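Chain letters run A, B, ... following the sequence lines, proteins first and then strands; every chain starts at 1. What you see is a predicted model; the values in this text were computed from it and never measured.
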Number of protein chains: 2
Amino acid sequence: MADGSRRGRPGYDQQTVLRRAVDLFNRQGYDGTSMGDLARELGVGKSAIYHHVPGKEALLARALDEALDGLSAVLDAPAGDTAYDRLRAAVRDSVRVLVEQLPAVTLLLRVRGNSEVELAALRRRREIDDRLAELVSAAVAEGSLRGDLPPDLVSRLLFGMVNSLVEWYRPGGPVDAEVLAAAITALAFDGLGAIRSQ
Amino acid sequence: MADGSRRGRPGYDQQTVLRRAVDLFNRQGYDGTSMGDLARELGVGKSAIYHHVPGKEALLARALDEALDGLSAVLDAPAGDTAYDRLRAAVRDSVRVLVEQLPAVTLLLRVRGNSEVELAALRRRREIDDRLAELVSAAVAEGSLRGDLPPDLVSRLLFGMVNSLVEWYRPGGPVDAEVLAAAITALAFDGLGAIRSQ
DNA sequence: GTCTATAGACCGATAGAC
DNA sequence: GTCTATCGGTCTATAGAC
């Protein structure tokens with residue numbers, strides 16, 4: 001489908017099946033979506049799906065890995081000399097990943113550990129959260145962030161704000177991704193008080 | 001159970017069934033929890049549950065109403081002369097409600113509109129969100145909040161941060177509820193930059 | 001006897017898998 | 001399309017406290 005020069009009977013490819021599945025999972029919930037729903041959405045019989053993927057859980061696993069790979073990349077790229085600069089970049093890049101991989105990340109953020117696949121995703125996500133928390137700690141130690149609040153609490157709230165955008169952000173909507181990244185960074189680092197001399 | 005002076009065979013009361021059900025829904029997801037699961041959790045047969053509640057969806061509806069009533073109350077209580085004061089109070093009181101009614105609010109924030117019950121809850125929730133957004137707008141118009149960001153965007157991010165605490169906050173844990181409310185307010189209004197003269 | 005809460009067989013519908 | 005398992009929910013009968 002994506003590749004026009006394929007041989008054999010035309011039909012869906014794995015990527016398209018995955019994308020449509022993730023959209024459905026996000027609309028109805030993973031547990032609330034049956035393979036029959038997905039088949040109807042694709043306009044094929046249920047059995048056709050099993051030609052592309054081993055099963056329902058594999059669709060979930062692939063989407064979660066995609067999201068986790070994107071978020072991990074944010075931390076692997078070197079991004080500044082000071083911890084403050086690296087944290088700012090991490091916030092900005094996290095927003096970008098959330099926007100670019102919105103469906104997969106949305107699915108990831110709703111996972112509660114209900115199966116081995118979900119538990120594995122939660123473990124990977126926890127690693128990422130821990131590294132972000134370390135970044136906040138380092139920035140506090142450096143003296144560039146307020147030190148009157150527990151760093152891990154700050155980290156949870158900061159990235160809780162970032163992650164919350166999957167609840168409402170829609171690409172092509174009124175808010176541009178770069179505007180969004182700038183707004184979140186401004187709000188997080190400077191607060192929402194009236195602009196003072198700084 | 002709660003009332004020691006009841007007649008008839010001892011057993012669960014509605015409130016306890018509801019509480020345990022909501023806990024299970026939050027652990028496994030609403031769709032991922034069967035009435036059989038709940039029965040096993042309670043140590044009774046499935047049919048016993050139907051003596052206390054009309055059905056699975058009624059458990060959801062009652063929990064969502066509970067959460068929505070708590071959140072609505074935050075906005076109905078008069079809380080300050082300026083919009084800024086009212087917004088600050090709304091943030092602080094929202095945190096308190098989230099903490100006090102954590103299970104019900106957690107369930108509410110995960111609802112996606114998958115049934116009429118869920119859609120009704122989303123409508124009520126949207127009303128609340130709209131009123132919070134108006135509060136932010138009023139504070140901006142008043143000049144006490146930064147005006148360089150769209151007020152509805154600010155509102156979404158601010159309460160996205162507040163709401164995100166259901167993802168990790170646990171009563172009895174290391175973070176006290178009042179400390180949490182103070183931290184969120186401080187972070188939101190003053191930002192996470194190193195403390196300057198203010 | 002009266003009341004509440006329970007057990008467990010059972011129903012039609014639908015799930016995931018193939 | 002077909003399989004088996006499980007879903008939410010119903011039914012009748014009964015256990016147990018007054």
Report, one pair per line, the protein and nucleotides 10-15 of chain D atoms (nitrogen or oxygen only) whose separation is under 3.5 Å.
residue	atom	partner	partner atom	Å
D/dA15	N3	B/Arg9	NH1	3.3

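Within residues 23-43 of chain A, no residue has any heavy atom closer than 4.0 Å to DNA chain D. For the segment residues 110-120 of chain B, no residue has any heavy atom less than 4.0 angstrom from an atom of DNA chain D.
Listed by chain and residue number, nothing satisfies the side chain to side chain contact (heavy atoms under 4.5 Å, CB included) test with B/Glu134 (two or more places apart in sequence, or in another chain). With sequence neighbours excluded, the residues forming a salt bridge (Lys or Arg N to Asp or Glu O under 4.0 Å) with A/Glu41 are A/Arg20, A/Arg27, listed by chain and number. Under the ring pair (Phe, Tyr, Trp, His ring centres under 6.0 Å) criterion, B/Phe159 pairs with no residue, sequence neighbours left out. For B/Asp65, the salt bridge (Lys or Arg N to Asp or Glu O under 4.0 Å) partners two or more places apart in sequence, or in a different chain, are B/Arg124. With sequence neighbours excluded, no residue forms a side chain to side chain contact (heavy atoms under 4.5 Å, CB included) with A/Ala73. In this view, A/Ser115 and A/Glu57, A/Val117, A/Glu118 satisfy the side chain to side chain contact (heavy atoms under 4.5 Å, CB included) rule, not counting sequence neighbours. In this view, A/Arg125 and A/Asp129 satisfy the salt bridge (Lys or Arg N to Asp or Glu O under 4.0 Å) rule, not counting sequence neighbours.
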Side-chain atoms of residues 139-150 of chain A: list all donor-acceptor pairs with protein atoms under 3.5 Å, sequence neighbours left out, distances to 0.1 Å.
residue	atom	partner	partner atom	Å
A/Glu142	OE1	A/Tyr84	N	3.2
A/Glu142	OE1	A/Ser144	OG	2.6
A/Glu142	OE2	A/Ala83	N	2.6
A/Ser144	OG	A/Ala139	O	3.2
A/Arg146	NE	A/Asp148	OD1	2.9
A/Arg146	NH1	B/Gly191	O	2.8
A/Arg146	NH2	A/Asp148	OD2	2.9

Please report, to 0.1 Å, the donor-acceptor pairs under 3.5 Å made by any side chain of residues 171-178 of chain B, with sequence neighbours excluded.
residue	atom	partner	partner atom	Å
B/Asp176	OD2	B/Glu178	N	3.0
B/Asp176	OD2	B/Val179	N	3.4
B/Glu178	OE1	B/Arg96	NH2	3.1
B/Glu178	OE2	B/Arg96	NE	2.9

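Protein atom CZ of B/Arg7 is 6 Å distant from nucleotide atom P of C/dC3, rounded to whole Å. Note: CG (A/Leu59) to C1' (C/dG16) measures 12 Å, nearest angstrom.
Around atom CZ of A/Arg126, no more than 12 heavy atoms belonging to other residues, nucleotides or ligands sit under 6.0 Å away.
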